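None of these values were measured; they are calculated from a predicted model. In what follows, every heavy atom counts, from backbone to side chain, and hydrogens, waters and symmetry copies are set aside.
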Amino acid sequence: MAKVYRSDDKSLTDRVVIVTGGSRGLGREMAMALVASGCRVVITGARAKDELDQVSEEARALSGANRMMSCLADVTNATDCERVVNQALETFGDVYGLVNNAGRGMRLISETYNTVPTKFWESPADAWKSIIDINVNGTFLMSQAVAPHLIKRGAGMIVNVSTSPVTMVRRGYAPYGPSKAAIEACSASWAADLEGTGVLVNVLLPGGATDTALLPGHGKDRRGADGQLLDPAIMAPPAVWLFSDDARRYTGRRFVAKHWDRSLDRESAAQSALQPNVELPQIL
């Protein structure tokens with residue numbers, strides 16, 4: 001088993017967090033780190049139950065039984081989303097947070113999208129709709145399912161996984177890039193909607209292309225549009241910190257995992273990863 005990031009923050013003990021798309025890539029790294037840090041975690045995936053079960057087995061070996069539960073669920077299905085939340089409540093008795101990580105990328109449009117840009121009018125309509133449905137509507141449906149429970153308990157955290165602004169508008173990256181722009185706008189809006197409830201909403205992004213199945217190719221054949229390829233494990237420290245008490249003074253903010261400096265104390269590392277708070281124009 002690869003080395004897993006672990007925090008010693010006691011406020012994380014037994015906090016229940018749902019991580020969508022938790023069987024691989026960024027989701028797996030965040031889920032395993034949360035378990036290692038004392039949380040109880042529910043991971044979801046729309047397919048490949050064997051992968052979900054494998055991650056649960058690894059979590060059991062790492063932190064013991066009854067620390068992780070896996071759910072085969074499609075985030076684009078409202079009934080599935082409600083079922084995930086209800087199963088978390090039935091199994092662990094609580095839900096504190098949600099990581100909206102499940103998503104699909106440009107490989108649905110083209111296997112060569114990162115070297116030969118596909119014009120938006122050349123994109124298969126079904127693939128376009130699928131990316132929007134999973135990335136945007138799936139994030140909404142899971143957040144809609146969990147929000148009433150978080151509001152009732154008076155405290156909670158929703159973390160939406162996003163991408164870099166350059167990717168949102170990069171040539172040949174629609175609809176993936178625009179779907180993440182929509183998530184960022186939703187995050188700001190939802191943070192305002194939840195003001196005064198104790199429920200917070202923040203954005204976390206890697207800060208570059210990561211070595212996951214969202215990119216075509218394998219090993220050295222994989223490359224991001226900017227040439228860099230980040231280790232998915234960079235998401236673990238900021239993701240874990242966002243569910244600790246120390247993060248409760250932040251909402252409507254975005255954090256870049258690439259800038260999290262592990263050599264610093266957690267608060268200083270968080271400040272290094274925190275992006276400037278850019279005020280949007282006022283609507284009269």
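- Of all the heavy atoms in Thr118 and Ser123, the pair that sits closest is CG2-OG, 3.9 Å.
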What verdict does the salt bridge (charged side-chain N to carboxylate O under 4.0 Å, His left out) test give for Asp14 and Arg67, after you've listed the backbone C-alpha separation in whole Å, the side-chain angles of each residue and the deciding distance to 0.1 Å? CA-CA 8 Å; Asp14 290 335; Arg67 309 302 304 180; 3.1 Å; yes
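- Remark: the backbone N or O of Ala88 is not paired with any side-chain donor or acceptor of Thr91 at under 3.5 angstrom.
- Counting only distance, with no hydrogens or angles, the side chain of Ser37 and the backbone of Ser7 share a donor-acceptor pair below 3.5 Å.
- For the pair Glu82 (side chain) and Thr79 (backbone), a donor-acceptor distance under 3.5 Å is absent.
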Side chain to side chain contact (heavy atoms under 4.5 Å, CB included) between Ser70 and Asp53: does it pass, once the steps are laid out? CA-CA 7 Å; Ser70 63; Asp53 292 342; 3.5 Å; yes
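- Remark: the Thr76 side chain and the Asp74 side chain contain an N/O donor-acceptor pair separated by less than 3.5 Å.
- With Arg253 contributing its side chain and Gln275 its backbone, the two residues share a donor-acceptor pair below 3.5 Å.
- Heavy atoms only, all atoms of each residue included: Trp241 and Asp246 are closest at NE1-CB, 3.6 Å.
- Arg262 pairs by the salt bridge (Lys or Arg N to Asp or Glu O under 4.0 Å) definition with nothing, not counting sequence neighbours.
- A donor-acceptor pair shorter than 3.5 Å can be found between the side chains of Asn135 and Ser179.
- By the 4.5 Å heavy-atom criterion applied to side chains, Leu52 and Thr44 are not counted as neighbours.
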Please assess Met157 against Val199 for the test side chain to side chain contact (heavy atoms under 4.5 Å, CB included), listing each intermediate value before the final yes or no. CA-CA 6 Å; Met157 178 72 72; Val199 183; over 6 Å; no
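- Rounded to the nearest 0.5 angstrom, Leu230 CG and Lys258 NZ are separated by 6.0 Å.
- Residues Ile43 and Ser56 form a side-chain contact, since some pair of their non-hydrogen atoms from C-beta on lies under 4.5 Å apart.
- For the pair Met168/Pro178, no side-chain contact is recorded, criterion being any heavy-atom separation below 4.5 Å from C-beta on.
- Sorted by first and then second residue, the side-chain hydrogen bond (donor to acceptor under 3.5 Å, both in side chains) pairs with a member in residues 191-205 form an empty list; sequence neighbours excluded.
- To the nearest 0.5 angstrom, Arg60 atom CZ is 8.0 Å from Asn66 atom CG.
- Tested against Val99, the residues Val41, Leu204, Val19 include a single side-chain contact (heavy atoms from CB on, under 4.5 Å) partner, Val19.
- Here Asn101 contributes atom CG and Ser162 contributes atom OG; the two are 11.5 Å apart, rounded to the nearest 0.5 Å.
- A distance below 6.0 Å separates the ring centres of Phe255 and Tyr250.
- Using a cutoff of 4.0 Å between basic side-chain nitrogens and carboxylate oxygens, Asp126 and Lys129 are not scored as salt-bridged.
- Within 6.0 Å of atom CZ in Arg171, 12 or fewer heavy atoms from other residues, nucleotides or ligands are found, so the atom counts as exposed in its surroundings.
- Test Val75, Val161, Ile158 against Asn100 for side-chain contact (heavy atoms from CB on, under 4.5 Å) and you get one pass: Ile158.
- Here Met235 contributes atom CE and Tyr5 contributes atom OH; the two are 14.0 Å apart, rounded to the nearest 0.5 Å.
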Quick one: do Asp245 and Arg15 satisfy salt bridge (charged side-chain N to carboxylate O under 4.0 Å, His left out)? Show the steps, please. CA-CA 11 Å; Asp245 281 353; Arg15 281 196 166 157; 2.6 Å; yes
Can you list the steps and then say if Glu122 with Lys119 is a salt bridge (charged side-chain N to carboxylate O under 4.0 Å, His left out)? CA-CA 5 Å; Glu122 299 170 340; Lys119 308 298 192 298; 5.2 Å; no
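- Using a cut-off of 4.0 Å between Lys/Arg side-chain N and Asp/Glu carboxylate O, Glu267 and Arg249 are scored as salt-bridged.
- Proximity of Arg6 to Leu62: side-chain heavy atoms (C-beta onward) are separated by under 4.5 Å at one or more points.
- By the neighbour-count criterion of 12 heavy atoms within 6.0 Å, atom CG of Asp265 is densely surrounded, having more than that number from other residues, nucleotides or ligands.
- Hydrophobic clustering, with ILVMFWY side chains joined whenever heavy atoms are under 4.5 angstrom apart, groups Val16 together with Met142.
- The hydrophobic clustering, which links ILVMFWY residues whose side-chain heavy atoms are closer than 4.5 Å, places Val42 and Val95 together.
- In this structure, Gln87 and Val84 have side chains that are not in contact, with every pair of non-hydrogen atoms separated by 4.5 Å or more.
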Does the pair Met106 and Asn114 meet the rule for a side chain to side chain contact (heavy atoms under 4.5 Å, CB included), with working shown? CA-CA 8 Å; Met106 289 297 297; Asn114 59 336; over 6 Å; no
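- Taking each heavy atom of Met69 and Cys71 in turn, the nearest pair found is CE-SG, 3.9 Å.
- Under the 4.5 Å side-chain contact rule for hydrophobic residues, Val136 and Tyr176 do not share a cluster.
- Smallest separation of non-hydrogen atoms from Ile234 and Pro237: O-CD, 3.5 Å.
- Taking all atoms of both residues into account, the shortest heavy-atom contact from Ile132 to Pro175 is CD1-CB, 3.9 Å.
- Remark: Asp261 does not engage Arg266 in a salt bridge, criterion side-chain N to carboxylate O under 4.0 Å.
- In this structure a side-chain-to-backbone donor-acceptor pair under 3.5 Å is missing from Ser164 to Val166.
- Rounding to the nearest 0.5 angstrom, the gap separating the CG atom in Asn77 from the CG atom in Leu141 is 8.0 Å.
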Derivation and outcome, salt bridge (charged side-chain N to carboxylate O under 4.0 Å, His left out), residues Lys180 and Glu184: CA-CA 6 Å; Lys180 292 299 186 177; Glu184 296 243 8; over 6 Å; no
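- Note on ring orientation: taking the six-membered ring where Trp is involved, the planes of Phe243 and Tyr96 are perpendicular (angle over 60°, cut-offs 30° and 60°).
- Between the side chain of Thr167 and the main chain of Thr163, no donor-acceptor pair closer than 3.5 Å is present.
- Remark: the backbone N or O of Ile183 is paired with a side-chain donor or acceptor of Ser187 at under 3.5 angstrom.
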List the steps, then state whether side chain to side chain contact (heavy atoms under 4.5 Å, CB included) holds for Ser143 with Leu98. CA-CA 8 Å; Ser143 300; Leu98 166 67; 3.9 Å; yes
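- For the pair Thr251 (side chain) and Leu200 (backbone), a donor-acceptor distance under 3.5 Å is absent.
- Side chain of Ser272 to backbone of His259: a donor-acceptor contact under 3.5 angstrom is found.
- Residue Phe140 is grouped with residue Leu150 when hydrophobic side chains (ILVMFWY) are merged at heavy-atom distances under 4.5 angstrom, including chains of intermediate members.
- Put simply, the side chain of Arg28 does not reach to within 4.5 Å of the side chain of Pro232, judged on heavy atoms.
- Under the 4.5 Å side-chain heavy-atom criterion for grouping Ile, Leu, Val, Met, Phe, Trp and Tyr, Leu242 is not connected to Trp190 through any hydrophobic cluster.
- Scanning both residues, Pro206 and Val256, for their nearest heavy atoms gives O-CG1, 3.8 Å.
- Proximity of a side-chain donor or acceptor of Ser244 to a complementary backbone N or O of Leu12 within less than 3.5 Å is not detected.
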